[in-house]
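In what follows, a structure is listed as structure tokens, so that the remarks can point back to it.
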Amino acid sequence: MDFIDLKTQYRRIKPSVDARIARVLEHGQYILGPEVAELERVLAGYVGTKHCIAASSGTDTLLIALMALDIGRGDEVITSPFTFFATGEMIALLGATPVFVDIDPRTYNLDPAGLAAAITPRTRAIMPVSLYGQCADFDAINAVACAHELPVIEDGAQSFGATCRGRRSCGLSLMGSTSFFPSKPLGGYGDGGALFTDDDALARTMREIRVHGQDRRYHHPRLGLNGRLDTIQAAVLLAKMEIFEDEVAARIRLGARYTELLAEAFADRPQAIRLPHVESFNTCVYAQYTIEVDQRDDFESRMKALGVPTAVHYPQPLHLQPVFGHLGLREGRFPFAEAAARRVISLPMHPYLTDADLATVVHAVREAAG
Ligand SMILES: Cc1ncc(COP(=O)(O)O)c(C=O)c1O
């Protein structure tokens, strides 16, 4: 069994992917070719924002968004300590300080209740993460941000396709960022990412930063980077968008089914496992289907012996990463993030899991959790 199966998806969309790639090879516009603009139109329409800027990765999109806000040395950006490293890394790369707010232990997302206390005169932005495919509570976060006149950037690398109160991830705040890393809900065949906003000035600035800060050829009013999405990746993503709604529906259905089957399997020992909690106002696209268990290392080895792959997202919260040691944030500072990092483990998840796959995984989880 695969942890994520990309081959079944390719077989389904092969004619469209192959034809679209062939078209790029024919026209030869490999850098910012017509497919990039077409993809930006399709994605902006899907998310419901005025602008989409396709870029080279979900890491570069975070960097571009922060650069567009002129964030740098002496600034603070509030984020979650329980995320993929890139979220905090891009803040620090610009010389700013990541300020962490502990997570809500039920959703693993930044807890808006802790937000106001973390705001200082140096705070320049809030960058919540929508982890595992479920959006953070953007109504609550935007309300605090609005009261303090702070911009909000959603790190929606894992939540593309999810909704919060009926609105799509990446369109929930001033700016949204996502990743097209192959294993993400909308994954390309290489690196990629995209930015979303309704703000015309920010969109223009982010487009300039994407190409070395130039506003016209060889004229640079600001610094930028080479942050472009390849035309070939745009072609692949356009083919994948043809089936994306269907895949999102499958993810939502399979995630709910996993939870139902696991709850049944552990009906006699519900305390042995913690299942994902999806807020009533959210839909979750399960970039990861992540549970909590006691003695995770033993559980992981038993699952491996039973032939079911698992992964840990993520074993170390950001405030305890060696590179952030100078922040002086010791163990115990963010107890919910630390407990999650010790206990979480993700099960195989992709839109092409069969009933038999689910039964195999659930049976193995029951065996491995003893
Ligand atoms: C929450 C989060 N932010 C940012 C990224 C970075 O995305 P990319 O790998 O496309 O650079 C990822 C990717 O794993 C992620 O999960």
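Everything quoted here is computed from the prediction, not taken from an experiment. Every number for a ligand or one of its atoms is a count from 1 in the order of the listing. Keep in mind that the numbers below use all heavy atoms, side chains included, and drop hydrogens, waters and symmetry copies.
Separation of the F160 and F244 ring centroids falls under the 6.0 Å cut-off.
Short contacts between ligand 1 and V129, defined as distances under 4.0 Å to a heavy atom of the residue, involve ligand atoms 1 (C). Here is the list of ligand 1 atoms found below 4.0 Å of a heavy atom in T83: 1 (C). If you number the atoms of ligand 1 from 1 as listed, the ones under 4.0 Å from a heavy atom of T87 come out as 3 (N). Each of the atoms 7 (O), 8 (P), 10 (O) of ligand 1 lies under 4.0 Å from some heavy atom of S179. Those atoms of ligand 1 that come under 4.0 Å of a heavy atom in Y314, given as number and element, are 16 (O).
A salt bridge does not link E154 to R168: none of the charged side-chain nitrogens sits closer than 4.0 Å to a carboxylate oxygen. Here R20 does not pair with E35 in a salt bridge; the nearest charged N to carboxylate O distance is not below 4.0 Å. Ion pairing of R333 with E338 is absent here, as no side-chain N (NZ or NE/NH1/NH2) approaches a carboxylate O to less than 4.0 Å.
With hydrogens left out, the protein atom closest to atom 8 (P) of ligand 1 is G58 N, 3.5 Å, a heavy atom. The closest protein non-hydrogen atom to atom 5 (C) of ligand 1 is F84 CD2, 3.6 Å. The closest protein non-hydrogen atom to atom 9 (O) of ligand 1 is F181 CD1, 3.9 Å. From the protein, the heavy atom lying nearest to atom 11 (O) of ligand 1 is T59 OG1, 2.5 Å. Protein heavy atom nearest atom 4 (C) of ligand 1, with residue, atom name and distance: D155 OD2, 3.6 Å.
Taking the side chain as every heavy atom from C-beta outward, K240 and Q9 approach each other to under 4.5 Å.
R228 contributes no side-chain N or O that, together with a main-chain N or O of V211, makes up a donor-acceptor pair within less than 3.5 Å.
Checking F334, F324, F82, F85 one by one against H319, the ring-ring contact (aromatic ring centres under 6.0 Å, His included) holds for a single residue, F334.
For atom 15 (C) of ligand 1, the candidate residues are S183, A157, S177; the nearest heavy-atom contact is made by A157. Evaluated by nearest non-hydrogen atom to atom 14 (O) of ligand 1, the leading choice among K184, M90, Q158, E89 is K184.
Summarising the local packing, CZ of F336 is surrounded by 12 or fewer heavy atoms from other residues, nucleotides or ligands at distances under 6.0 Å.
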